[in-house]
A.B. asks: 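Input: one structure, supplied below.
Heavy-atom basis, side chains included; hydrogens, waters and symmetry copies ignored.
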Amino acid sequence: MKIVFATNNRNKLAEIRSILGDRFEIVSLKDIGCDADIPETGSTLEENAMQKARYIYDNYGLSVFADDTGLEVDALGGAPGVYSARYAGGEGHDSEANMTRLLSELGENNNRKAQFRTVIALLLKDDSATDANQPEPAGKLFEGIAKGEIILERRGGEGFGYDPIFMPEGYDRTFAELGLDVKNKISHRAKAVERLAEYLKEL
């Protein structure tokens with residue numbers, strides 16, 4: 001099955017393709033010629049993921065899934081959450097600035113509990129129907145959570161985003177130290193993608 005993953009993030013693409021293996025042909029936004037700045041104006045991860053998937057489905061008529069991920073820190077009331085990618089402000093996704101702000105706001109707080117949460121929204125085209133009679137897809141949501149804690153300083157050179165300061169439960173190394181092979185077995189995105197894959201395999 002060919003399906004669009006609504007991203008051009010090479011790290012995410014590599015992670016997803018590694019998790020799904022050769023069961024599905026995963027193509028990026030670049031692969032379908034989409035260079036639009038897809039809006040993410042939702043107030044929740046669920047809304048953002050579905051908004052991105054809906055944009056691709058409506059404009060390109062292709063089966064698609066889109067994800068949104070947030071780091072939710074207990075001591076910060078669940079922040080940065082839906083604003084994780086732009087936590088430090090500005091237009092781009094500045095991981096270093098985001099981590100600096102998060103560590104600064106936590107300070108010496110002893111409550112370092114946090115979780116990564118990924119939500120995937122899926123919209124499937126009915127290949128048995130003509131384009132003129134294409135039914136409106138209801139959409140499905142899949143969630144994955146990785147619990148852990150925020151450490152005091154960055155560690156590790158792999159991964160991306162907040163990986164150098166997030167230590168998952170049951171491990172003494174950060175996501176950035178564990179490497180992609182281990183992370184892909186235990187991460188929030190891995191769990192959400194496995195639920196997505198289980199659903200797709202049953203179709």
Side-chain angles (χ1 to χ4, degrees), residues 1-20 23-72 79-99 101 116-144 159-163 180 184 187-190 192-193 195-197 199-200 203:
M1 175 186 287
K2 181 177 180 178
I3 187 166
V4 179
F5 179 21
T7 188
N8 277 323
N9 184 309
R10 288 178 296 174
N11 294 305
K12 282 186 179 184
L13 279 165
E15 207 168 76
I16 289 283
R17 285 169 174 160
S18 175
I19 293 166
L20 287 177
R23 289 176 288 180
F24 306 96
E25 181 188 356
I26 305 301
V27 297
S28 68
L29 293 176
K30 183 179 180 181
D31 292 330
I32 64 169
C34 176
D35 58 4
D37 186 13
I38 300 175
E40 295 180 55
T41 57
S43 59
T44 66
L45 299 177
E46 289 82 358
E47 288 175 4
N48 273 350
M50 190 58 75
Q51 187 177 30
K52 287 187 282 187
R54 178 66 62 186
Y55 181 92
I56 296 303
Y57 186 88
D58 288 347
N59 287 279
Y60 292 85
L62 298 169
S63 293
V64 57
F65 66 88
D67 77 318
D68 201 22
T69 294
L71 176 64
E72 300 169 342
V82 74
Y83 305 108
S84 294
R86 297 179 177 85
Y87 195 43
E91 292 299 315
H93 296 196
D94 188 336
S95 296
E96 288 299 320
N98 289 338
M99 285 189 284
R101 178 180 175 185
F116 272 117
R117 190 164 69 92
T118 289
V119 175
I120 293 175
L122 171 70
L123 293 171
L124 289 178
K125 183 178 180 181
D126 184 351
D127 290 330
S128 66
T130 64
D131 287 342
N133 294 316
Q134 191 69 218
E136 183 70 14
K140 297 281 292 184
L141 293 172
F142 307 88
E143 182 186 73
F160 58 99
Y162 295 91
D163 286 357
L180 202 57
N184 279 349
S187 78
H188 44 295
R189 187 170 290 109
V193 170
R195 293 187 175 108
L196 167 69
Y199 176 78
L200 291 174
L203 294 177

A.B. asks: With rounding to the nearest 0.5 Å, note down the distance linking CG in L196 to CZ in R189.
C.D. replies: 12.5 Å
A.B. asks: For N98 and S95, which I'm curious about, is there any donor-acceptor pair between the side chains at under 3.5 Å?
C.D. replies: no
A.B. asks: Would you compute the distance between atom OG of S18 and atom CG of L13 and round it to the nearest 0.5 angstrom?
C.D. replies: 12.0 Å
A.B. asks: Which value, rounded to the nearest 0.5 Å, describes the distance between L71 atom CG and Y83 atom OH?
C.D. replies: 15.5 Å
A.B. asks: Give the intermediate values and the outcome of side chain to side chain contact (heavy atoms under 4.5 Å, CB included) for residues V193 and I16.
C.D. replies: CA-CA 7 Å; V193 170; I16 289 283; 3.0 Å; yes
A.B. asks: Pick from I120, T118, N48, V119: which one makes a side chain to side chain contact (heavy atoms under 4.5 Å, CB included) with D68?
C.D. replies: N48
A.B. asks: Which heavy atom of Y87 sits nearest to which heavy atom of P80, and what is that distance?
C.D. replies: CD1-CB, 3.2 Å
A.B. asks: Would you find a donor on one side and an acceptor on the other, under 3.5 Å apart, between the side chain of N59 and the backbone of I56?
C.D. replies: no
A.B. asks: For A192 and F142, which heavy atoms make the closest approach, and how far apart are they?
C.D. replies: O-CB, 3.8 Å
A.B. asks: Going through the checks in order, is the side chain to side chain contact (heavy atoms under 4.5 Å, CB included) test met by E25 and V27?
C.D. replies: CA-CA 6 Å; E25 181 188 356; V27 297; 4.0 Å; yes
A.B. asks: Heavy atoms only: give me the nearest G33-Y60 pair and the separation to one decimal.
C.D. replies: O-OH, 3.9 Å
A.B. asks: Would you say S84's side chain and G81's backbone share a donor-acceptor pair under 3.5 angstrom?
C.D. replies: yes
A.B. asks: Of all heavy-atom pairs between K125 and G61, which one has the smallest distance, and what is that distance?
C.D. replies: CD-O, 3.1 Å
A.B. asks: Please identify each residue that fulfils side chain to side chain donor-acceptor pair (under 3.5 Å) with E40, with sequence neighbours left out.
C.D. replies: none
A.B. asks: Please work out whether the ring planes of F116 and H188 are parallel, tilted or perpendicular, with thresholds of 30° and 60°.
C.D. replies: parallel
A.B. asks: Enter the distance from K140:NZ to L200:CG here, rounded to the nearest 0.5 Å.
C.D. replies: 11.0 Å
A.B. asks: Can you tell me how far CG of D94 sits from CZ of R101, rounded to the nearest 0.5 angstrom?
C.D. replies: 12.5 Å
A.B. asks: Is there a donor-acceptor contact under 3.5 Å linking the side chains of T41 and Q51?
C.D. replies: yes
A.B. asks: Would you list the pairs meeting side chain to side chain donor-acceptor pair (under 3.5 Å) in which at least one residue belongs to residues 1-12, sequence neighbours left out?
C.D. replies: K12-D67
A.B. asks: Over all heavy atoms of both residues, which pair between S28 and R17 is shortest? Give the atoms and the distance, please.
C.D. replies: N-NH2, 4.3 Å
A.B. asks: Checking side chain to side chain contact (heavy atoms under 4.5 Å, CB included) against L62, which of L124, L123, I3, V4 comes through?
C.D. replies: V4
A.B. asks: Ion pair present between E46 and R117, side-chain N to carboxylate O less than 4.0 angstrom?
C.D. replies: yes
A.B. asks: How about L45 and T69: do any of their side-chain heavy atoms sit closer than 4.5 Å?
C.D. replies: no
A.B. asks: Return the minimal non-hydrogen interatomic distance between A49 and A66, and the atom names on each side.
C.D. replies: O-CB, 3.4 Å
A.B. asks: Under the ring-ring contact (aromatic ring centres under 6.0 Å, His included) test, which residues partner F65, sequence neighbours left out?
C.D. replies: F5
